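Quick notes on the structure that follows.
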Protein chains: 2
Amino acid sequence: MAIKNSEEIKAILKEYGLRITKAREQVLSEYINSKKPLSIFDFKKKKVFSTWDESSIYRNITKLEEAGLIQSVPSSKDMKLYELAPKKDHHHHHHIICTQCEAVQCLHDCSIDGQLSKMAKKAGFTMQGHTLELTGLCAKCSK
Amino acid sequence: MAIKNSEEIKAILKEYGLRITKAREQVLSEYINSKKPLSIFDFKKKKVFSTWDESSIYRNITKLEEAGLIQSVPSSKDMKLYELAPKKDHHHHHHIICTQCEAVQCLHDCSIDGQLSKMAKKAGFTMQGHTLELTGLCAKCSK
DNA sequence: TTGCCTGCAAACCTTTTGCAAAGAT
DNA sequence: ATCTTTGCAAAAGGTTTGCAGGCAA
């Protein structure tokens, strides 16, 4: 998703019925402009967030999730991960996690639905959905 | 996987160079005989485990993971999930869960590896593995 | 003004660790 | 006899909550 400026962020918050506060704008901005899921740790690393109390970041993440702007992502680590929720123009996608450095990346072409439906049918089921996570080595770690 | 008795469990522990203790046998047995990933909560629910201290269960899970008998599974919840590692579960497969009656069935033809590898490669990753869960309606419930 | 948001501190929950006693090899 | 595992209690790390004051609508 393209980088959005402050006015656009505010408009989105308004559209979702959320109050506009500086902390909330910054949290949403991170998710909108990030290519990968973010944990509280990712926020704490950035000095922009050193002004905000951790609990406020947590509460804003919760608010954004309740509003449907972000969603939680499965992880093997001890921290919760969230990513921007898919909008209508977005594609259903999955993640691949590096088994060495734990980097997470989104995979934007999920072209296996047809095959999965067939597998389900063989077992006598009508498929409704699926969850899929890949593991592997990222470019850096496979060197 | 077929249910294994106490002697078989002991043999596996020995094979993996682990000492045989009652607690460890019971933890491994749960993973071997479970059709789904287990968290510490699943252990605490069972009264067999009420005899063991939580820290011992945690330590045994750690030991089994280090030995390569179980592996961690990505999750959105607050608790870590583990499942039997694929080596012991010689038949790589997935599950489909009925969204109505919660019946679980194994899917024994996983023919998507090739496609997943391609998806991973596009993202710059070398795929190592995947976890997949399908949801749908079973034969009975879709009537 | 009204009610939501924030910082602070404390509570909470899962997981880890230190230590001495009990158990496995 | 030696080295590992256990129970207990305490600590650690991430997340949530209560409260009083501050800010958005």
Side-chain angles (χ1 to χ4, degrees), chain A residues 6-7 9-29 37-67 69-82 102 104, chain B residues 6-7 9-31 37-67 69-82:
Chain A
S6 176
E7 288 315 310
I9 301 285
K10 283 180 186 164
I12 295 173
L13 287 174
K14 210 164 210 171
E15 183 191 335
Y16 280 76
L18 295 175
R19 283 201 179 183
I20 292 161
T21 72
K22 205 87 204 77
R24 192 164 291 167
E25 274 179 63
Q26 285 177 7
V27 171
L28 177 55
S29 174
L38 301 172
S39 69
I40 184 84
F41 183 67
D42 295 307
F43 287 102
K44 293 206 298 195
K45 274 191 306 198
K46 306 213 171 193
K47 69 166 181 295
V48 190
F49 289 94
S50 55
T51 14
W52 309 111
D53 191 81
E54 268 184 64
S55 66
S56 295
I57 303 179
Y58 277 113
R59 283 194 264 227
N60 276 313
I61 289 175
T62 304
K63 276 285 177 190
L64 293 181
E65 191 191 18
E66 286 171 358
L69 273 162
I70 62 173
Q71 66 190 9
S72 119
V73 174
S75 158
S76 296
K77 298 219 269 185
D78 31 12
M79 278 191 245
K80 291 187 177 173
L81 276 182
Y82 294 86
E102 308 233 344
V104 179
Chain B
S6 175
E7 288 314 309
I9 301 284
K10 284 180 186 163
I12 294 172
L13 287 174
K14 210 165 211 170
E15 185 191 334
Y16 278 75
L18 295 175
R19 283 200 180 186
I20 292 159
T21 71
K22 207 86 203 78
R24 191 164 293 165
E25 274 180 64
Q26 285 178 6
V27 171
L28 177 54
S29 175
E30 287 298 316
Y31 281 111
L38 302 172
S39 69
I40 185 82
F41 183 67
D42 295 308
F43 287 101
K44 294 206 299 195
K45 274 191 306 199
K46 305 214 170 190
K47 69 167 182 294
V48 190
F49 289 94
S50 55
T51 14
W52 309 111
D53 190 81
E54 269 183 64
S55 65
S56 295
I57 303 178
Y58 277 113
R59 283 193 265 228
N60 275 315
I61 289 175
T62 305
K63 276 284 179 191
L64 294 181
E65 192 192 17
E66 286 170 358
L69 273 161
I70 62 173
Q71 65 190 9
S72 120
V73 175
S75 157
S76 298
K77 305 240 188 90
D78 322 327
M79 278 191 245
K80 290 188 178 172
L81 277 182
Y82 294 85

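Keep in mind that this is a model prediction, so the values were computed, not measured. Excluded from the calculations below are hydrogen atoms, water molecules and symmetry mates; all remaining heavy atoms, backbone and side chain alike, are included. Throughout, protein chains are lettered first and strands after them, A, B, ... in sequence-line order, and every chain is numbered starting at 1.
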Q | Interface limits on DNA chain C, where chain B has a heavy atom under 4.0 Å of a nucleotide atom | A |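 Range of nucleotides within reach of chain B: C:dT14 to C:dT25.
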Q: Take the C1' atoms of the five end pairs on each side of the helix from C:dT1-D:dA25 to C:dT25-D:dA1, get both axes, and report the angle to 10 degrees.
A: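 Inter-axis angle at the ends, rounded: 40°.
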Q | Residue met sooner reading DNA chain D from 5', once B:Ile57 and A:Lys80 are mapped to nucleotides | A |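 The 5'-side residue here is B:Ile57.
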Q) Starting at the 5' end of DNA chain D, which residue's closest nucleotide do you reach first, A:Phe41 or B:Arg24? A)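 The residue mapped nearer the 5' terminus is B:Arg24.
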Q: Quick one: which residue pairs count as a salt bridge (charged side-chain N to carboxylate O under 4.0 Å, His left out) with a foot in residues 18-31 of chain B, not counting sequence neighbours?
A: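 Checked against salt bridge (charged side-chain N to carboxylate O under 4.0 Å, His left out) - neighbours excluded - the pairs reaching residues 18-31 of chain B are B:Lys22-B:Glu25, B:Glu30-B:Lys46.
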Q) Crowded around A:Phe41 CZ? As in, over 12 foreign heavy atoms under 6.0 Å? A)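 12 or below, so no.
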Q) Rounded to the nearest 0.5 Å, how far apart are CE of B:Met79 and CG of B:Leu38? A)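 It is 12.0 Å, given to the nearest 0.5 Å.
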Q. Where do A:Ile9 and A:Ser29 come nearest, in terms of heavy atoms and distance?
A.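 Shortest heavy-atom contact: CD1-CA, 3.7 Å.
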Q) Quick one: does B:Asp42's side chain have a donor or acceptor within less than 3.5 Å of a partner on B:Ser39's backbone? A)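 Checking the backbone N and O of B:Ser39 against the side chain of B:Asp42, a donor-acceptor pair under 3.5 Å is found.
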Q | Given DNA chain C, 5'-ward residue of the pair B:Tyr58 and A:Thr51, judged by closest heavy atom | A |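 Comparing both residues, the 5'-ward one is A:Thr51.
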Pairwise N/O distances under 3.5 Å, protein to nucleotides 9-12 of chain D:
none

Q) Nearest-Å distance, CD1 (A:Ile40) to C1' (D:dT16)? A)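 That distance rounds to 12 Å.
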Q: Please report, rounded to the nearest Å, how far the C1' atom of D:dT5 is from the CG atom of B:Asn60.
A: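 Taking atom C1' of D:dT5 as the reference, CG of B:Asn60 is at 8 Å.
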Q: Find out whether B:Ser72 and B:Lys80 are in side-chain contact, i.e. whether some heavy atom of one side chain is under 4.5 Å from a heavy atom of the other.
A: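 No, their side chains stay 4.5 Å or more apart.
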What pairs of nitrogen or oxygen atoms, one from the protein and one from nucleotides 1-3 of chain D, lie under 3.5 Å apart?
from: D:dC3; atom 1: O2; to: B:Arg19; atom 2: NH1; distance (Å): 3.4
from: D:dC3; atom 1: O2; to: B:Arg19; atom 2: NH2; distance (Å): 3.2

Q.
Going by ring-ring contact (aromatic ring centres under 6.0 Å, His included), name the residues that satisfy it together with A:Phe49, two or more places apart in sequence or in a different chain.
A.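 Partners of A:Phe49 by the ring-ring contact (aromatic ring centres under 6.0 Å, His included) criterion, ordered by chain and then number, come out as A:Phe43.
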